[in-house]
Amino acid sequence: MKNSFKIVVAFILFIQCVITSYAQNEMQKSIDTYCNNEKNFFYTSVAVSVRDLESEKIIAEYNANRSMTPASIVKLYTSAAALSMLGDDFRFKTTIGYTGSIDKNGTLTGDVVVIGGGDPTTGSKFFPSTKSFIDTIVKTVTDAGILKIRGRVVIDCSLYKDEKESIPKTWLFDDYGKEYAAGVFPVSFQDNIYQISIKTGNKGEITGLTDSTETNITLTESASEDSTILLHSNADDQLVKITGYLPPNRNEYVVRSAMPSPPDVLGMELHQAFFKKGLVQYTHEYRISKKSVNVNVLKEIYSPQLQYIVGIMNYYSSNNYAEHLVKYLGYKEKGSGTFSDGAVTVISYFKKLGVKSGGTAIYDGSGLSRTNLINANHMSEFLVKEYAAAGGKNSSFYRSLPTSGRTGTLRSFPFSSNLVDKIHAKTGSMTGVRNMAGYMETKSGKMVSFCVMFNGFFDSDHKMKEKQAKILEMIYNNY
């Protein structure tokens, strides 16, 4: 009887292996046939890698070792490294303090100091609890019994050693100043983005601002052409230039750009808030300090937990949050706070996971750099290793990923009904780049990691999305 039982078990396992092998062959055949015969792929670099989460083996691949531009799927690496090295519950800290002394009349002979701790969420639109950042500081000062300030507002930006490196050196100059390319500073404010509202009249009439924002911006005349407007700035320059066309006859046309210097904006806003409370004279000034300031601590303000910051980052594909994380990792692990040290720290995390695939070069945290290179096999292996290390579906990493047909960048993706809720993944796109990487529950209920990359295409982005969805459908149906 025992021998008969062993024979039955062995036969069942054999059948399962045959079925799995057949499914793998069918998937590989489908992907090969499609990628080799799709006419719009003739000039396009296409790469696919699919791995079984349980066995960790590759079950289908196509050009999977070809290094390509990853765009925002780099955020998968940044997310995992940050959550592992800092912890789900990690919170950034901003310290409020003062120098000098407070007399019996409530007069501070000294400065009010805000010490930056690298928090990207201060005043952020994504976290309502942080939007009252300035009010919190004012209340902290008045609660300490300070009624007059005979000094200045000081913004301590000494956290990172390389004080001039607010954006990665590998970013394209054309991206400087754009809303999606905001700089990283020890002190951030309102996602490091500002907006202006412009009122336009008839064609040929001079435009005007609808609010009281003080700027050095020269506005173009209204035009009847397509409304395209670009804002250009340099990280080391306070001057922002607007070029392009404005639509006519708009009471309010909003344009957004990266703040050239968020610490300066915070300093001015905080000084104004103190002035309205009668704490300072209008002629008093704020100051940015590149050196550490010793203070009497009044309050420590903490960010939301890292797991929620990563959730926002991957849901909205926030470049700013990603660059804050990679820069802070450089500070935490290397003591410097440079983007290059942060990128090296992320790469070192691959070794901790035991990822063996090579062909990867990372220079920033968001994927905006065109010099980043990864290959599909590296990404699919990384995702397998991270799934096991982080704790599977219950991990903050997995839960941060958009869901097919439901959330984030996957909400409006052209998936078939079969794939709704079956994919948790991150997209990555820029001109000529359309990638996706993440996890899928296939038709049979098995879990796989995958990476599908298109580089250098000439078709529309929507068409490439459809082609990507078609490949994902093949993976779903054939395993």
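For the single chain, residues carry numbers from 1 onward in sequence order.
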- Flag side-chain contact, heavy atom, 4.5 Å: F382 against Y349: yes

- Just checking, any donor-acceptor pair under 3.5 angstrom between side chains of E323 and N319? no

- Query: Looking at OG1 of T44 and CE of M464, how far apart are the two atoms once the value is rounded to the nearest 0.5 Å?
  - Reply: 5.0 Å

- Message: Under a 3.5 Å distance rule, please check whether T403 uses its side chain to pair with a backbone N or O of H424 as donor and acceptor.
- Response: no

- Message: Are F450 and I471 packed together at the side-chain level, in the sense that at least one heavy-atom pair is separated by less than 4.5 angstrom?
- Response: no

- Query: Looking at Y476, does the NZ or CZ of K443 lie under 6.0 angstrom from its six-membered ring centre and within 45 degrees of the ring axis?
  - Reply: no

- Would you say the side-chain atoms of D341 and Y331 include a donor-acceptor pair closer than 3.5 Å? no

- If the plane angle is over 60° it's perpendicular, under 30° parallel, otherwise tilted; pick one for F41 and F454. tilted

- For residues Y180 and N320, is any side-chain donor paired with an opposing acceptor at under 3.5 Å? no

- Query: Are the charged groups of D421 and R406 less than 4.0 angstrom apart, N to O?
  - Reply: yes

- Any donor and acceptor pair, going by atom type alone, linking the side chain of N435 with main-chain N or O of P70 inside 3.5 Å? yes

- Short N-O contact, K327 and E165, less than 4.0 angstrom: yes

- Just by distance, with hydrogens left out, do S396 and D88 show a side-chain donor and acceptor under 3.5 Å apart? yes

- Query: Cut-off 3.5 Å, side chains only: do N377 and S49 have a donor facing an acceptor?
  - Reply: yes

- Message: Checking S317 now: which residues fulfil side-chain contact (heavy atoms from CB on, under 4.5 Å) with it, not counting sequence neighbours?
- Response: S72, K75, K426

- Task: For the residue pair N375 and M379, establish whether any side-chain heavy-atom pair is separated by less than 4.5 Å.
- Result: no

- Item | Side-chain H-bond candidate by donor/acceptor type, D264 with S261, under 3.5 Å | yes

- Query: Which residue pairs pass the salt bridge (charged side-chain N to carboxylate O under 4.0 Å, His left out) test with at least one member in residues 39-62, sequence neighbours excluded?
  - Reply: E56-K385

- Between N314 and S79, is any side-chain donor less than 3.5 angstrom from a side-chain acceptor? yes

- Are D459 and K467 close enough for a salt bridge, meaning some N to O gap below 4.0 Å? yes

